[in-house]
Amino acid sequence: MASAYLQTRHVDPAFEAQLLDSIDKWIDREMRPVVMAHDHGDIWPAQTVDQMVELGLFGATIGEEYGGLGLPATTYAKIVARISSYWMAPTGIFNSHLIMALAIEKFGTPAQKAKWLPMMARGEIRGGLALTEPDAGTDLQALRMTARRDGDHYVVNGTKTWISNGIKGHAFALLVKTDTGVDPRYKGMSLFIADKGLPGFKTGKKIAKLGYNAIDSGELVFEDCRIPADQLIGGVEGQGFFHATGGLELGRINVAARGVGLAEGALRLATQYAQVRKTMGKTISEHQAIQLKLGEMVTRARAARLLTLDAAEAYDRGERVDMEAGMAKYFASEAAVKNAEEAMRIFGGYSYSKEYEIERYYRDALLMCIGEGTNEMQRMIIARQWVKRNPA
Ligand SMILES: Cc1cc2nc3c(=O)[nH]c(=O)nc-3n(C[C@H](O)[C@H](O)[C@H](O)COP(=O)(O)OP(=O)(O)OC[C@H]3O[C@@H](n4cnc5c(N)ncnc54)[C@H](O)[C@@H]3O)c2cc1C
């Protein structure tokens, strides 16, 4: 497992089984009892984060040479799905962090890797990915944040929004324009490591959300912020677009795994409820209308899991997986939404009560269709790659 890249990694099956067992025990003993209070209060889960550091999750996909676990995408996806089937939000805290780490591990200079990756693997600093701006989400090349070289620093100005870990995180992979005049626009983009100690780097407002509570989504404001030139990832301008999107395949496998967890979790809750709730003298699981729903839900959850593991396995073999990761992300996120909605119907009026958990799955699932490339874009990416692989 000495590769500097995430791909072509393998794990000893016994180690994986032991790791997944520890995660299951942690979920049951520590995480499940605190979910409702943190979600309803939108409270940052400090204790859960500390425990995830202890479990090694902040170093899950960082190479062993930097102190991480060096896990393959397959094991990582299984972990993410397990946690998400009970509470999806915490997986966003370490995933944003790990996508930043991936950009450094894949594209950083030796000095950048040596400085940042061990601290990130130990969870001493938590990272995030700062791409989106108020006027640039899907169309990343439209972003306005600029970085101008000034001696051995860059002077950065602009605002990022919707940044996961934005308030509680310590450092971010920051996508900016170092050249605003070049055509095509992506050639003028560069990715920096921006840490909160830098003068002129301020945290803006925390965004109130429909779901995905407890994890902070925030604004980052840069006013004449001076970033040392040696924090330009890779040390070369103009590569930022590729550096920022180079982690998206793993990011999409992660979102797919979150979708799997949500779809399976909604199914689990609905299955339990349907066998307890009685109408017309029998449990609702005995009514054909509910059986049709459960039959579709279990099939959908299974298909989402298989597509996600298929993409993760291809990633671990070192293959190009934009189509496979796109299909997994698209299908699993839609499966999460559909299963959550069907579970809401199975719960009847109680689905609308905050005393039951199912409403959280419904709120959280909707985000999966937006993050790491919207599902509208996924279908276009899948189709383009499909046509390319099948020339007339
Ligand atoms: C809770 C949350 C957490 C987030 N975390 C992060 C983070 O950590 N870091 C970060 O950088 N960003 C983050 N984001 C931002 C997220 O990545 C963007 O919201 C997403 O990329 C979509 O961009 P947008 O919101 O600007 O929508 P837009 O790009 O304005 O899109 C609006 C609609 O138009 C569609 N559309 C746009 N362009 C096309 C096209 N060419 N063809 C077809 N359809 C199109 C979209 O699919 C969508 O339906 C987060 C967002 C949320 C809600």
Side-chain angles (χ1 to χ4, degrees), residues 39 42 44 84 87-103 126-145 158-177 184-186 189-194 196 203-222 233 240-241 243-252 254-255 258-259 262 326 329-330 333-334 336-337 360 362-384:
D39 173 66
D42 194 12
W44 198 73
S84 299
W87 190 18
M88 185 275 288
T91 65
I93 301 177
F94 62 80
N95 183 63
S96 305
H97 165 92
L98 289 171
I99 296 295
M100 175 185 176
L102 177 65
R126 286 185 305 277
L129 192 63
L131 314 180
T132 304
E133 295 183 4
D135 292 317
T138 304
D139 185 8
L140 274 184
Q141 294 184 60
L143 65 81
R144 294 184 184 172
M145 184 173 279
T159 300
K160 295 288 178 187
T161 191
W162 278 117
I163 308 308
S164 302
N165 291 339
I167 310 296
K168 296 285 188 179
H170 307 103
F172 300 85
L174 183 74
L175 189 62
V176 304
K177 284 210 172 140
R185 296 172 296 172
Y186 67 81
M189 297 170 82
S190 301
L191 194 66
F192 283 86
I193 300 165
K196 282 200 174 153
T203 303
K205 69 168 189 229
K206 178 181 161 188
I207 301 168
K209 306 188 291 276
L210 170 71
Y212 198 42
N213 287 340
I215 173 168
D216 46 317
S217 306
E219 278 184 353
L220 305 179
V221 181
F222 294 81
I233 293 181
F241 187 76
H243 292 172
T245 54
L248 282 186
E249 288 183 342
L250 186 67
R252 283 178 188 153
N254 170 276
V255 174
R258 292 199 232 176
L262 286 162
K329 190 272 179 187
Y330 165 56
S333 57
E334 296 290 348
V337 171
R360 184 180 71 252
Y362 184 67
R363 288 184 284 110
D364 285 357
L366 291 166
L367 174 65
M368 301 297 95
C369 301
I370 301 166
E372 301 286 338
T374 64
N375 280 3
E376 288 72 28
M377 295 306 295
Q378 293 310 320
R379 278 170 282 178
M380 288 156 60
I381 292 164
I382 295 163
R384 277 189 212 128

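Ligands are counted one by one from 1 in listed order, and the atoms in each one are counted from 1 as well.
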Checklist line | Residue pair Val337, Tyr362: steps toward the side chain to side chain contact (heavy atoms under 4.5 Å, CB included) verdict | finding: CA-CA 7 Å; Val337 171; Tyr362 184 67; 5.6 Å; no

Next item on the list: Test side chain to side chain contact (heavy atoms under 4.5 Å, CB included) on Leu143 and Met189 and set out the steps.
Entry: CA-CA 9 Å; Leu143 65 81; Met189 297 170 82; 3.5 Å; yes

Notebook entry, point to check: What's the verdict on side chain to side chain contact (heavy atoms under 4.5 Å, CB included) for Leu220 and Thr159, showing C-alpha distance, side-chain angles and the deciding distance?
Noted result: CA-CA 6 Å; Leu220 305 179; Thr159 300; over 6 Å; no

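The local environment of CZ in Arg379 is crowded, with over 12 non-hydrogen atoms from other residues, nucleotides or ligands closer than 6.0 Å. Within 6.0 Å of NZ in Lys196 there are more than 12 heavy atoms belonging to other residues, nucleotides or ligands.
The shortest contact between atom 19 (O) of ligand 1 and any protein heavy atom is with Ile370 CG2, 3.9 Å. Nearest to atom 7 (C) of ligand 1 among the protein's heavy atoms is Trp162 O, 3.3 Å. Scanning the protein for heavy atoms near atom 49 (O) of ligand 1, the closest one is Glu376 OE1, 3.4 Å. Summary of contacts: the protein heavy atom closest to atom 41 (N) of ligand 1 is Met377 SD, 3.9 Å. When hydrogens are left out, the protein atom nearest atom 24 (P) of ligand 1 is Gly137 CA, 4.0 Å; that is the closest non-hydrogen contact. Given atom 47 (O) of ligand 1, the protein heavy atom at minimum distance is Thr374 OG1, 2.6 Å. Among all non-hydrogen protein atoms, the one lying nearest atom 27 (O) of ligand 1 is Thr138 OG1, 4.1 Å.
Atom CE of Met380 and atom CG of Asn375 lie 12.5 Å apart (nearest 0.5 Å). To the nearest 0.5 Å, atom CD of residue Glu219 and atom CH2 of residue Trp162 are 10.0 Å apart. The CE atom of Met145 sits 5.5 Å away from the CD atom of Glu133 when rounded to the nearest 0.5 Å.
Distances from ligand 1 to the non-hydrogen atoms of Met380 include at least one value under 4.0 Å.
Contact detail for His243 and Ile233: the closest heavy-atom pair is CE1-O, 3.5 Å.
Taking distance alone, with nitrogen or oxygen atoms compared against 3.5 Å, Thr161 stays at or beyond that limit from ligand 1. Considering backbone and side-chain atoms together, Leu129 places an N or O closer than 3.5 Å to an N or O of ligand 1. Taking any N or O of Ser96, backbone or side chain, none lies under 3.5 Å from an N or O belonging to ligand 1. For ligand 1, the polar-atom distance check finds no N/O of Glu372 at less than 3.5 Å from any of the ligand's N/O atoms. In terms of N/O distances under 3.5 Å, ligand 1 is approached by Leu131. When only interatomic distances are considered, the shortest N/O to N/O separation between Asp139 and ligand 1 does not fall below 3.5 Å. Between Thr132 and ligand 1, a contact under 3.5 Å exists for at least one N or O pair.
Here is the list of ligand 1 atoms found below 4.0 Å of a heavy atom in Ile163: 7 (C), 8 (O), 9 (N), 10 (C), 11 (O). Ligand 1 places these atoms under 4.0 Å from at least one heavy atom of Tyr212: 1 (C). Distances below 4.0 Å separate heavy atoms of Ser164 from the following atoms of ligand 1: 3 (C), 4 (C), 5 (N), 6 (C), 7 (C), 8 (O).
For the residue pair Arg258 and Asn254, a side-chain donor N or O sits within less than 3.5 Å of a side-chain acceptor on the partner.
Of the options Leu367, Leu143, Ile99, Leu220, the smallest heavy-atom separation from atom 53 (C) of ligand 1 is shown by Leu367.
Within the 4.0 angstrom cut-off, atom 13 (C) of ligand 1 has one or more protein heavy-atom neighbours. Under the 4.0 angstrom criterion, atom 30 (O) of ligand 1 counts as lacking any protein heavy-atom contact.
Of the residues listed (Lys209, Lys206, Arg363), the one engaging Asp42 in a salt bridge (charged side-chain N to carboxylate O under 4.0 Å, His left out) is Lys206, and it is the only one.
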